[in-house]
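Below is one structure, written out as structure tokens; comments come after it.
So you know, we letter chains A, B, ... as the sequences are listed, proteins then strands, and number each from 1. As the structure is a computational prediction, the values presented were derived from the model and not from experiment.
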Number of protein chains: 2
Amino acid sequence: MSPRKQSSQELTREMIIHEARTKFVEEGFHQVSMRSIAKELDCSHGAIYYHFKNKAELFYVVLQEYFLELNGIIDEVVINREENCTKLYKLFISFIEFGLNNQSQYESMFMLRNSEIDVLSQEAANFSYQKFAQAVQTLSNNTLLIKDIYAVFISLHGFVVFYRGYATCFEEVKDAAYAHVDFLIKSLSSEKISRSNL
Amino acid sequence: MSPRKQSSQELTREMIIHEARTKFVEEGFHQVSMRSIAKELDCSHGAIYYHFKNKAELFYVVLQEYFLELNGIIDEVVINREENCTKLYKLFISFIEFGLNNQSQYESMFMLRNSEIDVLSQEAANFSYQKFAQAVQTLSNNTLLIKDIYAVFISLHGFVVFYRGYATCFEEVKDAAYAHVDFLIKSLSSEKISRSNL
DNA sequence: ATTTTTATTGACCAGTGGTTAATTAAAGGG
DNA sequence: CCCTTTAATTAACCACTGGTCAATAAAAAT
């Protein structure tokens with residue numbers, strides 16, 4: 001009856017991305033179906049496959065924005081004019097805050113395994129981690145061991161993963177977050193003193 | 001043609017659980033379909049629904065075993081005749097080891113959110129955590145704060161979640177695990193000294 | 001005006017979790 | 001031993017999922 005719409009209402013890549021992002025943020029990768037996106041855009045789901053190879057590729061594009069956002073947050077903290085140790089603290093908290101205020105995104109960015117989408121975004125995830133590690137290194141005046149930075153990252157990751165789904169936003173668990181970061185910084189601090197024999 | 005099989009080859013709850021467990025361990029909750037289990041058992045997938053309300057309930061039963069296994073591991077470490085600090089170290093390593101050597105199970109036990117199965121196993125997960133916390137408390141001669149024990153648990157959790165999918169077993173990342181646990185214990189140790197003003 | 005390209009549809013595929021009427025084997029009762 | 005009841009199973013069905021593709025019509029190029 002009507003293959004190809006009139007140009008005024010033609011589907012664009014941006015329209016799809018926009019709708020995908022909206023639903024993705026609300027429901028997460030697995031809960032959003034290509035058909036539900038198509039329905040919202042008043043088109044058949046087949047049309048989306050003309051613009052994107054598959055679901056993973058579509059959401060990979062959406063995810064890019066959030067990797068950029070996270071990277072921007074890291075930059076922002078480092079650039080601030082404050083004490084290094086204050087900035088370090090804020091960096092850790094900001095990471096957790098991002099994770100818990102963007103739970104669907106965080107899941108696809110750092111948690112999914114063997115699901116097509118993570119294969120694509122693995123590089124971006126790695127880059128964000130490198131950025132994080134570099135920031136920590138800088139803010140600590142290069143006094144930290146790489147493996148300890150890794151340990152911090154993994155521990156922050158654990159916090160986000162643990163509270164995800166249980167808390168709906170950072171605000172709800174900020175006290176626990178502060179305590180967790182305190183705990184990690186305590187370890188980092190004791191490193192500088194007692195570590196030289198291992 | 002043949003509703004109801006002859007008693008010699010009737011389906012039992014145990015047969016289903018056994019097959020479900022096998023596939024579950026290999027592929028994980030979401031990858032295993034009720035139909036694939038049925039196929040292996042030479043029955044229709046509808047038959048499984050006679051024995052189990054739904055997929056979540058079936059795998060919940062399977063998961064119980066692994067909660068017990070984890071609890072057993074915790075007990076074992078505590079009971080050993082060794083230095084408390086050695087046991088504490090082993091407890092942390094054992095948790096990571098369990099997580100990485102039982103990745104599919106760990107995912108359903110501690111990672112899934114809002115997927116029916118986690119609602120059922122939340123209680124068991126909480127119990128296992130309590131057991132872990134109690135063990136830590138005991139092994140540290142009650143010198144630790146609850147929130148620090150929480151922080152350790154979350155950080156260990158982070159390690160498992162992070163390496164899951166990337167490593168196929170504990171052995172592959174044991175060095176990183178040792179370093180991570182070192183990092184956490186360093187924080188716990190410094191607690192005892194410097195913590196009294198917060 | 002005609003051809004070519006581009007975007008879209010809708011039917012289709014194989015798969016998912018889950019339900020249910022119909023059926024038959026087994027168990028229980030007289 | 002027959003008959004009824006109960007328990008277990010099947011197959012067809014539902015509404016979904018991601019993904020493909022021939023047919024088609026609008027738009028662009030000639």
Side-chain angles (χ1 to χ4, degrees), chain A residues 1-20 23-24 26-63 104 108 112 114-120, chain B residues 1-20 23-24 26-63 104 108 112 114-120:
Chain A
M1 196 66 86
S2 58
R4 182 135 204 184
K5 288 177 171 170
Q6 302 210 337
S7 63
S8 63
Q9 45 184 316
E10 247 189 37
L11 201 58
T12 65
R13 225 164 174 274
E14 278 63 40
M15 285 166 62
I16 298 172
I17 292 172
H18 179 79
E19 191 58 45
K23 291 190 105 63
F24 173 64
E26 285 171 358
E27 306 167 40
F29 179 68
H30 281 113
Q31 303 309 312
V32 179
S33 70
M34 297 299 260
R35 280 171 169 82
S36 74
I37 295 171
K39 197 173 193 174
E40 215 78 43
L41 294 170
D42 260 316
C43 68
S44 74
H45 72 286
I48 299 178
Y49 284 92
Y50 178 79
H51 296 272
F52 295 90
K53 191 180 141 210
N54 54 32
K55 188 180 178 184
E57 208 198 69
L58 166 56
F59 284 99
Y60 168 67
V61 172
V62 172
L63 269 197
S104 298
S108 294
L112 292 191
N114 322 316
S115 77
E116 304 265 349
I117 194 173
D118 72 296
V119 179
L120 295 171
Chain B
M1 198 67 84
S2 58
R4 183 135 206 186
K5 288 177 170 170
Q6 302 210 340
S7 62
S8 62
Q9 45 184 317
E10 247 188 36
L11 202 57
T12 64
R13 226 164 174 275
E14 278 61 40
M15 286 167 62
I16 299 171
I17 292 172
H18 179 78
E19 191 58 44
K23 292 190 104 61
F24 173 64
E26 284 171 0
E27 306 167 38
F29 179 68
H30 282 113
Q31 303 308 312
V32 179
S33 70
M34 297 298 262
R35 280 171 170 83
S36 74
I37 295 172
K39 198 172 193 174
E40 216 77 44
L41 293 171
D42 261 315
C43 68
S44 72
H45 71 285
I48 299 178
Y49 284 92
Y50 177 80
H51 296 273
F52 295 91
K53 192 180 139 210
N54 55 31
K55 188 180 177 182
E57 208 197 69
L58 166 56
F59 284 99
Y60 169 66
V61 172
V62 172
L63 270 198
S104 299
S108 295
L112 293 190
N114 321 315
S115 77
E116 304 264 350
I117 195 173
D118 71 296
V119 179
L120 295 171

- Mind telling me whether Phe59(B) and Phe24(B) have parallel, tilted or perpendicular rings, with 30° and 60° as the class edges? tilted

- Are any of the side-chain heavy atoms of Arg13(A) and Phe52(A) separated by less than 4.5 Å? yes

- Query: Which whole-number value in Å describes the distance from Phe52(A) CZ to dT20(D) C1'?
  - Reply: 18 Å

- In whole angstrom, what separates His51(B)'s NE2 from dG18(C)'s C1'? 16 Å

- List the protein contact pattern of nucleotides 12-19 of chain D with one symbol per nucleotide (5' to 3'): B for base contact, S for sugar-phosphate-only contact, - for none; contact means a heavy-atom distance under 4.0 Å. -B---BBB

- Query: CD1 of Ile16(B) versus P of dT9(D): gap in Å, rounded?
  - Reply: 8 Å

- Query: Atom CG of Leu41(B) to atom C1' of dT10(D): distance rounded to whole Å?
  - Reply: 15 Å

- Check whether NZ of the Lys or CZ of the Arg Lys55(A) lies under 6.0 Å from the centre of the six-membered ring of Tyr49(A) and within 45 degrees of that ring's axis. no

- Flag side-chain contact, heavy atom, 4.5 Å: Val119(A) against Glu116(A): no

Residues 40-48 of chain A, side-chain donor-acceptor partners within the protein, below 3.5 Å, at least two apart:
residue, atom, partner, partner atom, Å
Glu40(A), OE1, Lys23(A), NZ, 3.1
His45(A), NE2, Arg35(A), NH2, 3.4

- Would you mind reading off the bend of the helix from dA1(C)-dT30(D) to dG30(C)-dC1(D) from its two end axes, five pairs each, to 10 degrees? 20°

- Task: Can you tell me the distance, in whole Å, between the CD atom of Gln6(A) and the C1' atom of dA27(D)?
- Result: 11 Å

- Message: For His51(B), is the NE2 atom crowded, meaning more than 12 foreign heavy atoms sit under 6.0 Å from it?
- Response: yes

- Task: Could you please name the option among dA7(D), dT10(D), dA23(D) that lies closest to any side-chain atom of Arg4(B)?
- Result: dA7(D)

- Pairwise distance CZ(Phe29(B)) to CG(Asp118(B)) - rounded to 0.5 angstrom: 9.5 Å

- Donor-acceptor pair, Ser115(A) side chain versus Leu112(A) backbone, under 3.5 Å? no

- Atom CG of Leu58(B) to atom P of dG17(C): distance rounded to whole Å? 11 Å

- Message: Just N and O in the side chain of Lys5(B): are any of them under 4.0 Å from OP1 or OP2 of dT10(D)?
- Response: yes

- Taking all non-hydrogen atoms of both residues into account, name the closest pair between Glu27(B) and Ser104(B) and its distance. C-OG, 4.0 Å

- How long is the line joining CG of Leu11(B) and P of dA8(D), in whole Å? 10 Å

- Query: What is the distance, rounded to the nearest whole Å, between atom CD1 of Ile48(A) and atom C1' of dG10(C)?
  - Reply: 15 Å

